[in-house]
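Structure first, then comments.
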There are 4 protein chains.
Amino acid sequence: MAASGRHGAGVDKQRVILDAAIRVFARQGFHSCRVSDVADEAGVAYGLVYHYFSSKEEILNTLFTERWQLMLDAIVEIDSREQLTARDKLGQVAGFIIDSYRHEPDLMKVIIVEVTRAANTFGRHHLPKIREAYNLIAGIVEQARADGTFKSDISAEFAAMCFYGAIEQLLTAWIFDVLPKSDDDYERAKGLVVEAICGGLESDAVGAAA
Amino acid sequence: MAASGRHGAGVDKQRVILDAAIRVFARQGFHSCRVSDVADEAGVAYGLVYHYFSSKEEILNTLFTERWQLMLDAIVEIDSREQLTARDKLGQVAGFIIDSYRHEPDLMKVIIVEVTRAANTFGRHHLPKIREAYNLIAGIVEQARADGTFKSDISAEFAAMCFYGAIEQLLTAWIFDVLPKSDDDYERAKGLVVEAICGGLESDAVGAAA
Amino acid sequence: MAASGRHGAGVDKQRVILDAAIRVFARQGFHSCRVSDVADEAGVAYGLVYHYFSSKEEILNTLFTERWQLMLDAIVEIDSREQLTARDKLGQVAGFIIDSYRHEPDLMKVIIVEVTRAANTFGRHHLPKIREAYNLIAGIVEQARADGTFKSDISAEFAAMCFYGAIEQLLTAWIFDVLPKSDDDYERAKGLVVEAICGGLESDAVGAAA
Amino acid sequence: MAASGRHGAGVDKQRVILDAAIRVFARQGFHSCRVSDVADEAGVAYGLVYHYFSSKEEILNTLFTERWQLMLDAIVEIDSREQLTARDKLGQVAGFIIDSYRHEPDLMKVIIVEVTRAANTFGRHHLPKIREAYNLIAGIVEQARADGTFKSDISAEFAAMCFYGAIEQLLTAWIFDVLPKSDDDYERAKGLVVEAICGGLESDAVGAAA
DNA sequence: GATGAATGAGGTTTCATTCAT
DNA sequence: TATGAATGAAACCTCATTCAT
């Protein structure tokens with residue numbers, strides 16, 4: 001029943017370390033911070049970090065894996081709602097990701113900046129997991145191509161890239177203060193990103209004529 | 001007539017170092033490589049790197065600045081062709097970037113992976129220059145919104161993010177072998193990315209009906 | 001009862017490093033030695049030096065500050081003995097400094113050669129602390145000028161320089177084997193330096209006649 | 001007739017470099033400056049320094065040797081004036097050294113700070129030359145001891161140390177702005193340093209009584 | 001004489017990781 | 001569990017010196 005450890009009221013030190021790592025990685029960057037910075041932020045001894053994690057990188061891996069799986073599960077769940085159109089499904093996916101950033105901006109910043117956008121270094125290891133997301137999105141598109149609602153000349157994989165790329169860029173823009181981020185901006189963005197990618201930037205008249 | 005430097009046949013060592021750095025950074029990543037790796041690859045002595053560059057980071061900065069400016073210039077030039085529609089202009093921009101990757105994949109990999117997608121660390125310093133690109137693209141969109149060809153409910157800045165994000169994700173997918181990259185793929189991508197973003201993923205029937 | 005640290009028999013590694021540094025600095029000079037020389041001499045790992053000191057210079061600073069303060073305290077104490085004449089006080093000061101050299105020649109060599117006689121570089125930082133010594137000595141002289149035992153045409157500050165300069169030169173001469181250094185030499189020097197500075201080099205007949 | 005080189009008006013580059021070195025060594029310290037700093041200050045190319053001097057250290061050696069010999073010659077000359085008393089001779093020596101500092105403070109700063117007060121490192125090499133000065137001064141004292149004007153219980157070598165130490169400390173105090181340095185201060189110092197060392201700090205009444 | 005590009009050894013410092021208690 | 005002292009492998013950068021022109 002208790003959280004963990006042998007005391008009922010014991011704080012879960014592993015969790016404390018992970019949460020501290022989120023703040024430190026977001027603030028200083030994974031490379032530029034020391035393990036001792038994380039330990040200090042967590043208020044635990046230096047060596048305890050190594051009691052729970054085999055390396056600094058494993059902390060990052062844990063943060064990523066934990067969170068990314070939530071997203072994959074969410075996408076799977078969204079995709080399973082049969083009554084939804086592809087556009088609606090993509091809208092839900094966009095909404096989930098944007099809400100994730102709203103509620104845990106530090107964690108999402110770490111995941112995006114240090115993992116998904118850093119595929120060259122650590123990200124490389126997570127590429128398979130990252131691809132799963134691409135594939136799930138592609139799956140949604142594929143169905144829409146099959147039922148004729150999405151253009152067939154744009155492959156599902158290609159479409160998934162455009163969609164995911166747009167969203168990640170959006171988050172990146174928020175992370176680095178390139179776009180405004182009021183509650184309203186977040187809410188509006190959910191609809192607009194889908195409108196932009198599914199409906200296109202061109203106004204309907206033009207689109208229809210083309 | 002002479003190439004450069006004080007010898008008629010003299011090679012420009014600074015250029016040699018920069019080109020070596022492109023290969024090394026692309027192969028090992030900026031962080032994971034040592035300055036001596038660059039020197040070795042260039043076939044010059046260790047210290048010569050520091051004769052031309054004040055630090056390892058300055059090499060990266062130089063590579064980025066050089067190349068990014070070419071892109072900014074290209075976008076400005078494309079935008080100045082008055083007879084082109086916004087979709088055509090965006091198509092040219094996408095084409096320029098995709099061709100850049102085709103012809104210099106290592107350099108573009110370095111720029112994207114180590115700078116634009118790493119805004120947290122080095123990229124931070126280049127954010128203003130990166131933003132210039134966003135703004136130029138937004139400028140193209142803005143005109144189309146003004147003349148009614150682009151939807152007015154999607155702001156130009158937001159649209160620019162979607163467009164740029166889609167292209168960068170495309171390149172990232174190529175860089176990490178997530179999407180196929182034959183000559184044909186590159187050529188087709190030029191048109192498709194614009195079709196996806198401007199025309200939307202939805203087939204015209206759906207779009208018109210919406 | 002325990003020596004220090006967490007083990008009953010534990011050696012204080014910081015002290016071990018400081019003592020090793022004294023020997024290495026004295027032998028090779030601060031500039032010409034490497035941090036690894038100090039670590040080797042102390043029998044500890046390279047990095048442990050940086051666990052206790054932020055830089056090589058901080059080791060020197062610590063050695064100086066520790067020791068110099070002892071001297072300042074001693075001078076203050078000597079000056080407080082009201083029954084002593086100025087000459088006696090200066091004699092005690094000279095005695096303290098000479099004994100310091102006798103008992104810890106390496107440490108005093110380091111302090112003199114690398115700090116007080118190197119005011120241009122590191123010493124600069126310690127100038128205020130060095131000046132304190134000058135001022136304390138000047139204070140002793142000042143009292144003697146006030147009560148008429150010391151000449152009033154020689155300012156206390158000027159006199160302090162002559163006195164301190166003579167002693168430091170004496171130590172320097174010992175350090176570089178310019179003067180002999182038997183136990184007898186040390187003991188005699190204590191009286192002679194005061195005799196030379198307070199009483200003058202000239203024999204009393206001449207002094208009285210002048 | 002011309003200074004040097006093949007042009008009548010040719011500047012002596014070696015001299016230019018030496019003079020530049022004086023300024024740079026005085027300003028930055030011998031250790032903390034680079035050979036290129038000297039070349040820049042002299043307005044000559046990097047490599048030219050090595051055309052005239054075999055190493056950075058040789059520049060310092062040259063500066064020291066040149067100047068120190070002038071002093072040795074001066075002391076010899078002063079000592080040869082048979083009509084002078086020991087006190088007068090020492091006064092002339094003090095005057096020569098103090099004037100040297102007045103007229104060429106940078107050069108004297110370099111010699112004192114980087115050579116005579118740094119005997120551990122470079123100075124070591126010049127110790128024999130430095131000792132010559134001690135010995136010449138000791139010679140003056142020795143004569144005075146022989147004729148009874150100087151106390152016999154203070155050895156000439158010991159006395160020379162006190163005298164030289166006092167003067168060098170005086171110069172050091174000026175160098176590091178510990179004592180005031182108006183024209184008046186310099187002039188007065190010439191007499192006072194001799195009065196202090198030869199006559200003693202104690203007022204005549206005390207001295208005579210002792 | 002004059003230039004400055006080229007060399008490369010070496011030192012300081014950092015920090016992830018281990019381990020004794 | 002928990003601590004933090006101890007380890008030691010890198011890596012960046014400096015800069016005296018050389019040398020081709």
Side-chain angles (χ1 to χ4, degrees), chain A residues 4-7 10 13-14 31-40 43-59, chain B residues 5-8 10-14 17 31-39 42-58, chain C residues 5-8 10-14 17 31-39 42-58, chain D residues 4-7 10 13-14 31-40 43-59:
Chain A
S4 81
R6 59 184 188 285
H7 312 101
K13 288 288 179 70
Q14 182 164 13
H31 272 104
S32 313
C33 82
R34 297 171 298 183
V35 173
S36 70
D37 292 331
V38 174
D40 288 350
V44 303
Y46 202 69
L48 196 60
V49 174
Y50 283 91
H51 185 75
Y52 289 108
F53 302 95
S54 63
S55 72
K56 182 180 168 186
E57 198 170 326
E58 212 211 41
I59 303 176
Chain B
R6 58 188 193 289
H7 318 100
V11 281
D12 181 344
K13 288 289 178 71
Q14 181 164 12
I17 291 169
H31 273 106
S32 314
C33 81
R34 294 170 298 182
V35 173
S36 69
D37 293 331
V38 174
V44 302
Y46 197 79
L48 195 62
V49 175
Y50 284 93
H51 184 75
Y52 286 110
F53 302 95
S54 62
S55 71
K56 182 178 161 185
E57 198 170 328
E58 214 211 43
Chain C
R6 60 188 192 287
H7 318 101
V11 282
D12 181 343
K13 289 290 177 73
Q14 181 164 13
I17 291 168
H31 274 106
S32 314
C33 81
R34 295 169 297 181
V35 173
S36 69
D37 294 331
V38 174
V44 303
Y46 201 79
L48 195 61
V49 176
Y50 284 92
H51 184 75
Y52 287 109
F53 303 95
S54 62
S55 70
K56 181 179 162 186
E57 198 170 328
E58 213 211 43
Chain D
S4 81
R6 59 184 189 284
H7 312 101
K13 289 288 177 72
Q14 181 165 12
H31 273 104
S32 313
C33 81
R34 297 171 297 185
V35 173
S36 70
D37 292 330
V38 174
D40 288 350
V44 303
Y46 201 69
L48 195 60
V49 175
Y50 282 90
H51 185 76
Y52 288 108
F53 302 94
S54 63
S55 72
K56 182 181 167 186
E57 199 170 327
E58 211 210 42
I59 303 175

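Each chain gets a letter, A, B and so on, in the order the sequences are listed, and its residues count up from 1.
- To the nearest angstrom, P of E:dA16 lies 10 Å from NE2 of A:H31.
- Residue A:V44 is the one, among C:V49 and A:V44, whose nearest nucleotide of DNA chain F lies closer to the 5' end (criterion: closest heavy atom).
- A donor-acceptor contact under 3.5 Å is not formed by the side chain of D:Y46 with the base of E:dA2.
- Here the closest heavy-atom approach between residue D:Y46 and residue D:A39 is recorded as CA-CB, 4.0 Å.
- Contacts of D:Y52 with the nucleic acid, taken as non-hydrogen atoms under 4.0 Å apart, involve only primed sugar atoms and P, OP1 or OP2.
- For A:K56 and E:dT18, the NZ to C1' distance is 17 Å, given to the nearest whole Å.
- F:dA9 is paired with E:dT14 under the Watson-Crick or G-U wobble criterion, all donor-acceptor distances under 3.5 Å.
- In this structure, D:F53 atom CZ and E:dG1 atom P are separated by 11 Å, rounded to whole Å.
- Along DNA chain E, the nucleotide nearest B:G43 and the nucleotide nearest C:S55 are compared for position; the residue whose nucleotide lies closer to the 5' end is B:G43.
- Remark: the backbone N or O of B:Y52 is not paired with any side-chain donor or acceptor of B:K13 at under 3.5 angstrom.
- Counting any heavy atom pair closer than 4.0 Å across all strands shown, D:S54 reaches no nucleic acid atom.
- The phosphate of F:dA6 has OP1 or OP2 within less than 4.0 Å of a side-chain N or O from C:K13.
- Across every non-hydrogen atom of C:H31 and C:K56, the tightest pair is O-NZ, 3.7 Å.
- For the pair B:H51 NE2 and E:dT3 C1', the interatomic distance rounds to 11 Å; values are reported in whole Å.
- Across all strands shown, C:S36 has no heavy atoms under 4.0 Å from either base or sugar-phosphate atoms.
- For F:dA20, the paired base is E:dT3 (Watson-Crick or G-U wobble, both distances below 3.5 Å).
- Between the side chain of A:Y50 and the base of F:dT3, no donor-acceptor pair of N or O atoms lies under 3.5 Å.
- In this structure, the separation between CZ on C:R34 and CG on C:D37 is 4.5 Å, given to the nearest 0.5 Å.
- Closest approach of B:V38 and B:I17 over heavy atoms only: CG1-O, 4.0 Å.
- A:R34 places its CZ atom 12 Å from the C1' atom of E:dT13, with the value rounded to the nearest Å.
- Regarding B:D12, its CG atom lies at a distance of 14 Å from the C1' atom of E:dA6, rounded to whole Å.
- At whole-Å resolution of the value, CG in A:L48 and P in E:dT21 are 20 Å apart.
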